[in-house]
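What you see is a predicted model; the values in this text were computed from it and never measured.
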Amino acid sequence: MKIAVIGLGFVGLSLTSVLASKGNNVVGIDIDVEQCKKIRNGVSPFFEPYLEKTLRIGLKKKLTISNDFSLIKDCNMIFVAVGTPQKSNGAIDLSMIRKAVETIGRVLAKSKKNPIIIIKSTVIPGTMQNVILPILEKRSGKKAGRDFGLISNPEFLQESSAIRDTKFPHVIVLGGYQTKFMKKVKSFFSKLHPNVSIIITNHQTAEMIKYANNSFLATKISFINQLSNICQNIPGANIDDIAKIIGLDPRIGKLFLNAGPGYGGSCLPKDMKALINFADGVGINPTLLNAVEKTNQNQMKNIISLIEKKLGKIASKRITILGTAFKPNTDDVRASMAIKLIKKLLKKKAKITIYDPKAIKNTMKIFGGKIVYAKSITDALNKSQCTIMMTHWKQFEMLNNNSIKHMKKKIIIDCRRILAKKELDAEYYAIGIGKRE
Ligand SMILES: NC(=O)c1ccc[n+]([C@@H]2O[C@H](COP(=O)([O-])OP(=O)(O)OC[C@H]3O[C@@H](n4cnc5c(N)ncnc54)[C@H](O)[C@@H]3O)[C@@H](O)[C@H]2O)c1
């Protein structure tokens, strides 16, 4: 059995590395030549815990990394994990997946195999039937279900635990027709994950499951953020205690109830917008989803108005941002709330210094020389007039009176309540904690 994975980003490279480390014969393909070169040398193009280690184990076994699509011609399974970003109107941008399946189709035309193409990328309901299938049949001159298999297989991994999630998923969803191909894929996954439920459904339901999942998680975040704003106006109230207790109710669950600056990252914002756009297109006014998005955007406004309230006019003030990654243990800054905040503060002519343990390089790609990049927390706080804690990196818990002693004005706005229990010689404001004025 030979397996191809197309698109070596967070999803594809995690899958490639895990499959190869288990001894499968794997070909990982990406159009980015530089990225392929790095991966071939055992270097991950992005930071993800345990990824490099797993990749290197795989490279010692049967793993090939290339930008040459012809290598997929003798593969039995072809996973597709290319990006599906959003267009400026919020709709899903399918150009990468179109291009990838066009190429697969052309290779398929010359192949003697009957491979199974498995779509991992998040795609809006109907994409498999209306976009992917017609392209593949046209380019290959072959028939889906007879000459090749086509399965939807949405991915649920989270960045920062991508390897663990790939090794131990909570569920496997397979969308498609009950064909010999479906049987093969089911048997493949049941061997790979013996104790995990495998749900077989049709394509459009599988596609929608992914959006249901992410929009529910976004809803939980906006819900707790709205409550945290209310708490801020109740002296002594603490959103973390509230989240902890409601999370004990099994009907609610404890995850995704961390109040903060709003959801960011490469998935929730774009998937929410794509679902809203899709709902509009099928004649449904998605009032709840719109409210979730609006609450998320308002959270940023709340932070800025808190800064203005505590610091006065923002222009030419020296402001430190601690954490630019959209969450800890990743260097991913895509749709990060910290990046959004920096852009807004720069517009108001603030002087920005940032520190992040992993994401400085990616932040530099966005802001170049417009902001200052510090080498440590203390460095970042030197002469600062206000610091805003955006990402809950473990390192930030070490911050103490010594680290802030060279701040020009000791104002701390803690969007993650990292320092809530510390006695600091500073004006300290935390999102979700009511303060007596
Ligand atoms: N990142 C996550 O946490 C996550 C979780 C679940 C699902 N997803 C979904 O999985 C998909 C991939 O996400 P990601 O974060 O891994 O993306 P990514 O942007 O990190 O990686 C995508 C990769 O695909 C490559 N690529 C683009 N076009 C290509 C083509 N035609 N042929 C070969 N390679 C091509 C790019 O060079 C890039 O390396 C998306 O649909 C995303 O919504 C992502």
Side-chain angles (χ1 to χ4, degrees), residues 1-9 11-13 15-20 23-37 39-40 58-59 61-84 93-121 123 126-153 155 174-189 192 203 206-207:
M1 157 102 85
K2 200 166 171 188
I3 303 167
V5 180
I6 314 289
L8 300 177
V11 172
L13 188 54
L15 178 67
T16 300
S17 306
V18 169
L19 289 177
N24 292 286
N25 191 352
V26 184
V27 188
I29 309 252
D30 201 287
I31 40 165
D32 188 327
V33 179
E34 282 307 305
Q35 190 160 320
C36 288
K37 216 188 266 174
I39 298 171
R40 220 178 284 126
L59 285 167
K61 297 186 176 176
K62 286 175 275 178
L63 172 59
T64 311
I65 302 290
S66 178
N67 62 324
D68 177 6
F69 267 76
S70 73
L71 294 179
I72 66 176
K73 73 174 183 307
D74 46 25
C75 287
N76 311 76
M77 283 188 192
I78 303 166
F79 285 92
V80 178
V82 300
T84 47
D93 176 356
L94 290 172
S95 58
M96 289 186 209
I97 203 152
R98 275 177 197 274
K99 206 168 151 204
V101 291
E102 296 238 355
T103 319
I104 295 172
R106 278 196 288 270
V107 177
L108 217 62
K110 294 182 209 144
S111 161
K112 291 197 174 68
K113 289 254 174 210
N114 301 111
I116 308 170
I117 294 135
I118 304 164
I119 305 294
K120 278 217 156 284
S121 301
V123 290
T127 305
M128 190 64 122
Q129 295 284 7
N130 306 328
V131 180
I132 296 173
L133 184 145
I135 293 177
L136 280 170
E137 288 192 335
K138 189 171 168 203
R139 294 289 170 212
S140 67
K142 295 182 176 177
K143 188 108 190 77
R146 187 190 67 198
D147 305 320
F148 63 92
L150 204 48
I151 309 277
S152 302
N153 172 223
E155 176 58 57
L174 301 177
Y177 296 100
Q178 292 282 5
T179 57
K180 59 181 179 188
F181 300 112
M182 180 62 90
K183 266 195 195 142
K184 274 191 193 162
V185 175
K186 187 181 175 209
S187 137
F188 169 78
F189 276 112
L192 190 64
H203 288 300
E207 289 165 330

Heavy-atom pair of closest approach, residues Leu63 and Gly58: CB-O, 3.5 Å

Closest heavy-atom contact between Ile3 and Met1? CG1-CG, 4.0 Å

State, without any angle test, whether Asn153 and Lys120 hold a side-chain donor-acceptor pair at a distance under 3.5 Å. yes

Distance col, row Ile118:CD1 vs Phe181:CZ, nearest 0.5 angstrom, shows 11.5 Å

Measuring from atom CD1 of Ile29 to atom CD1 of Ile72, what distance do you get when rounded to the nearest 0.5 angstrom? 6.5 Å

Heavy-atom closest pair, residues Leu133 and Ala144: CD1-CB, 3.9 Å

Of all heavy-atom pairs linking Leu71 and Ser66, the shortest is CD1-CB, 3.5 Å

Plane angle bin for Phe79 and Phe188 - parallel if under 30°, tilted between 30 and 60°, otherwise perpendicular: tilted

Quiz: residues 94-111 side-chain donor-acceptor pairs under 3.5 angstrom, not counting sequence neighbours:
| unit_1 | atom_1 | unit_2 | atom_2 | d |
| --- | --- | --- | --- | --- |
| Ser95 | OG | Asp93 | OD1 | 2.8 |
| Glu102 | OE1 | Arg139 | NE | 2.9 |
| Glu102 | OE1 | Arg139 | NH2 | 3.1 |
| Thr103 | OG1 | Lys99 | O | 2.8 |
| Ser111 | OG | Lys73 | O | 3.0 |
| Ser111 | OG | Lys113 | N | 3.0 |

Any residue meeting side-chain hydrogen bond (donor to acceptor under 3.5 Å, both in side chains) with Gln35, in chain and number order, not counting sequence neighbours: none

Backbone of Lys183 reached by a side-chain donor or acceptor of Ser187 within 3.5 Å: no

Lys2 and side-chain hydrogen bond (donor to acceptor under 3.5 Å, both in side chains): which single residue from Asp74, Asn76, Thr64 fits? Asp74

Over 12 non-hydrogen atoms of neighbours within 6.0 angstrom of NZ in Lys61: yes

Which atom names give the shortest non-hydrogen contact between Leu13 and Ser17, and what distance separates them? O-OG, 2.7 Å

Just wondering, more than 12 heavy atoms not from Lys186 lying within 6.0 Å of its NZ? no

What's the shortest heavy-atom distance between Gly175 and Ala206, and which atoms? CA-CB, 3.8 Å

Minimum side-chain heavy-atom gap Met128-Val123 below 4.5 Å: no

Hey, does Asp147 have a side-chain heavy atom less than 4.5 Å from the side chain of Ser140? no

Nearest-0.5 Å distance that lies between atom CD1 in Ile151 and atom OH in Tyr177: 11.5 Å

If I take atom CD1 from residue Ile31 and atom CG from residue Leu8, how far apart are they, to the nearest 0.5 angstrom? 10.5 Å

So how far is it from Leu19 CG to Asn24 CG, rounded to the nearest 0.5 Å? 5.0 Å

Rounding to 0.5 Å, atoms CD1 (Ile119) and CG (Leu150) come to a distance of 6.0 Å

Is there side-chain contact between Val80 and Ile132, with heavy atoms separated by less than 4.5 Å? no

